Structure formats: C-alpha cells, structure tokens
Number of protein chains: 2
Amino acid sequence: MHAALLDHIQKFITLNSEEINILESNITLSKVKKKEHLLKEGQVCNTMYFVTKGCARQYIINPKGTEQTLQFAIENWWITDYLSYHNNTPSHFYIQTVENCEIVVLEKNVLESLLIQIPKLERYFKIVSQKSFGAAQMRIKFLFTMSAEERYNHFKNQQPDFVQRVPQYMLASYLDFSAEFMSKIRAGKV
Amino acid sequence: MHAALLDHIQKFITLNSEEINILESNITLSKVKKKEHLLKEGQVCNTMYFVTKGCARQYIINPKGTEQTLQFAIENWWITDYLSYHNNTPSHFYIQTVENCEIVVLEKNVLESLLIQIPKLERYFKIVSQKSFGAAQMRIKFLFTMSAEERYNHFKNQQPDFVQRVPQYMLASYLDFSAEFMSKIRAGKV
DNA sequence: TGAATTTCTTGAAGCAGTTCAAGTTTTTTA
DNA sequence: TAAAAAACTTGAACTGCTTCAAGAAATTCA
C-alpha cells in the first residue's frame, strides 16, 4: 500500500515491527489528480508530501507571468516548502501535481507525534534533507557552469525517461531557458 | 569558548548538563588562517565545519578556469559537501576560508559517536539542513527571476555589511555575473 | 616602506539566449 | 469525434551580459 515510504525509510534506518505498525496506522496514501495544487503561493505550508507514484513540481510565477519550475518530485521524493514549514511564513511557491499521483500527505502535527514516538525518524529526515541540499548545490553548479544546450543534454543523459514525462516547457524553465529555445535545441537549430 | 555552537544547538533542541558536557569534551575550536582550504575538489569530504568567527566559502573552478562561489558561510553556519559526505564520493567543490576564522571541525566518526550518545542531535541537524535546503530553493528562485542588478541590490539590502567583507569578484560569481559587470553595476553604469 | 600581488575599473565588440508573433501539432474534454 | 485547449515550432529582431585587454587602485607582506 504505502510500502514505498516504509521501504524508503528503511534504506536509511532500521525499524522494528512495532514502529512499522505505528507508521502504518498514521500514514495514508492519497490519490491526487493531475494539475491539482498541494500548496499555493501565500499559504503557510504545514505539510510534507512524499510521492509514491506520479510526478509533482514546485514552481513560481515570475514577474512576466510565466511559470518557472524549481523542482520536480517523482517516486520516492519528498516535496514541501521547508522555509514556510519551519518559520510559519507564507510560501513563495506553488506545489502542483504534473501527473495523476499517489502521495503520502503528512501533516505537521501527525509528523511531530510520529517523531516523538519514533525518534529514529529524525535521523531519516536528516539524511534525506542533507542529500537534498547536496543535490541543490550540484544543481546550482550546473546552472553556473553549463550552457543551455549542455544542461539539456546532461539532464537527458541523467534522466532519459523523465524527459518524456513532462511538458517540454516545464523542463525548459527548470533548466532555466525559454520554451522556444528548448524547441530549437531539440531540433538541433542552435 | 565554543559557546557559539552550543548556543546554536540550543536554539533548536534542549540539552541537559550531561549532554552539554559530552559536547564540550568532544568539540574543539580551530583557528584557520585566511585562504586556507578545508576541502579540495576530488577529496572525499568526511568533515562538517561550523563557522563561529570569520567567513568561509564553497566554490568551483569552471571550465574557463575562473572561480565561482556557490555558498558563503559566516558566523553560525555549517558548511560541508553533503553529497560527498554521505556517498563517500569525491567532492566537486572547494571549501576555503575567506577571512581568518574560528571553526568547529567535526569529523564523521566523532559526529556519529555524538549522535549515538545524544540522539536528539539528529533533530538539530535535521532542522538545520531543512532550513538550508529551503534557503537554497529561495536562492534558485532569485537566480531565475531577477536581473543581475536586482540580485545585487537584493543581496545588499539583505546583508548590507557582508558586501564589504568579501572581494567583489567573489560576490559577483555568487550572484552569477562577471566581476566586470559587478563593477559597472556599482558605478551605476548599467 | 616599497615592491609585489590582488582587486577593481572602463570601454568596445560580440553572442547566448530572449521576446514576439503567428502558425502547427498534440492532447483533452464535452 | 468535433471542438477547445494545451503544447510545440519557427524565424527575425533584440538585449543583458560576457569577454578581452589594459590600466588604476588597493592590499599584502618581506
């Protein structure tokens, strides 16, 4: 059912059967249709989302009114706005499903009670967020050092199937160039 | 002595006096001269650094041979390469002091033993890294939506003193534009 | 203090990627 | 399955920023 999250947790820490029971009774899987919003700009984010099926994204609407995707979350990724979550401040971001999804929706109060019952989970979330931060640093490195075409090819090599899964304009904005330019890169017209 | 780190930890979790003793006996403060390297590209990063005085930075050398700063760490910031640290892979980054510094140097084996003795520390590091990740997301947002001049002005408003503390070319690369362009922005010649 | 090094400045030429506008293709939905 | 909506393509004009080169200013250190 939500075996995916249990499996993911157990990649990083060891759970006994009691702890597994606690988790199973506190965690539910939600089906979310394509293009639904999990978070909108201006809302305080009180929830963490773990994608077990499908794809979600975090995006902003820039001053020109265009959407720009900052992050994708596919199977086995957490997505949330940690700043809004920790500081109880309005979020700068939208979080939206890109495909029909199955998502573990974990409210702050539920999570905090789980963390008290199973303190080991702190370690799990520590490792996950440290790795995410490391990935964000690499992302900034690529944005800084590669041309638009290099970023596209690099991404395509790393995630060959994913390129097919999302609209090209979303991927273009994630890689920080325009949809039109993406079209030219793909046609070899650069 | 290293009160700074204890204070920082106690902003997020509560420690009893025994735990404080354990920390005090395992943590030492190192003086590091300006421009010394804490990590070089290609090394595996086995250490976390907490800056209590001075300033350090994480940077890369891009294909043109120019340094580009990805992150600054001033007082009360942790700096490390989490991907290298967790995966035991060679780092893509340099970490270097920018000023004479006082730094808590925490080796992986010491940290792991501390985390066993004081499991609560997992929560501390979780919160710190989640906030760092949140900050990295905001950084990407600013890089995506603001012009070079806007990024400079925004940074100057947020961190007015810091602008004076580091060479302008380092700040320029952190904000993702050239040192020459920084010079023109500051002179109002844009 | 004086020499060496590092950092900052300036202008001119160039270009990687944007913007705009219009048309085409694909996907969704009633 | 037809109509509407969403996504993609193309070329032409444009621009924000880079690159290069050379000199000036500031900082470091013997």
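Convention: sequence-line order gives letters A, B, ...; per-chain numbering from 1. Quick caveat, the model's predicted, so the values are computed rather than measured.
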Next on the checklist: Counting the benzene-type ring for Trp, do F162(A) and F72(A) have ring centres under 6.0 Å apart?
Outcome noted: yes
Checklist entry - If you look at every strand shown and take non-hydrogen atoms under 4.0 Å, does F181(B) touch a base, only sugar-phosphate, or nothing? => result base
Item to check | Distance, rounded to the nearest Å, where K35(B) contributes NZ and dT28(D) contributes P | outcome: 8 Å
Checklist entry - Within this structure, what is the CG-to-P distance between D176(B) and dC17(D), rounded to whole angstrom? => result 10 Å
Next on the checklist: If I take atom CE in residue M182(B) and atom P in nucleotide dG16(D), what distance separates them, rounded to the nearest angstrom?
Outcome noted: 19 Å
Item to check | Toward the 5' end of DNA chain D, by each residue's nearest nucleotide, R186(A) or A148(B) | outcome: R186(A)
Checklist outcome for this item: When rounded to whole Å, the CZ to C1' distance for the pair F177(B) and dT15(D) reads 17 Å
Checklist entry - How are the rings of H86(A) and Y82(A) set relative to one another: parallel (under 30°), tilted (30 to 60°) or perpendicular (over 60°)? => result parallel
Item to check | Proximal nucleotide (of dA7(D), dT19(D), dT19(C)) relative to the E180(A) side chain | outcome: dT19(C)
Next on the checklist: What is the distance, to the nearest angstrom, from the NZ atom on K64(B) to the P atom on dC15(C)?
Outcome noted: 13 Å
Checklist entry - So Y174(B) and F155(B), would you call those rings parallel, tilted or perpendicular, with 30° and 60° as cut-offs? => result perpendicular
Checklist entry - Does the base of dG11(D) carry an N or O that pairs as donor and acceptor with the side chain of K184(A) under 3.5 Å? => result yes
Next on the checklist: Can you see if the side chain of K189(A) gets near the phosphate of dG11(D) - specifically, an N or O under 4.0 Å from OP1 or OP2?
Outcome noted: yes
Checklist entry - Do R57(A) and Q71(A) meet the criterion of a side-chain donor-acceptor pair at a distance under 3.5 Å? => result no
Checklist entry - Just to confirm, is there a sub-4.0 Å distance from OP1 or OP2 of dT18(C) to any side-chain nitrogen or oxygen of S178(A)? => result yes
Checklist entry - Angle class for the Y59(B)/Y94(B) ring planes (parallel below 30°, perpendicular above 60°, tilted otherwise)? => result parallel
Item to check | Protein-nucleotide distance (Q164(B), atom CD; dC8(C), atom P), rounded to Å | outcome: 11 Å
Checklist entry - What's the NZ-P distance between K34(B) and dT28(D), to the nearest Å? => result 5 Å
Item to check | Rounded distance in Å - CG (L175(B)) to P (dT18(D)) | outcome: 11 Å
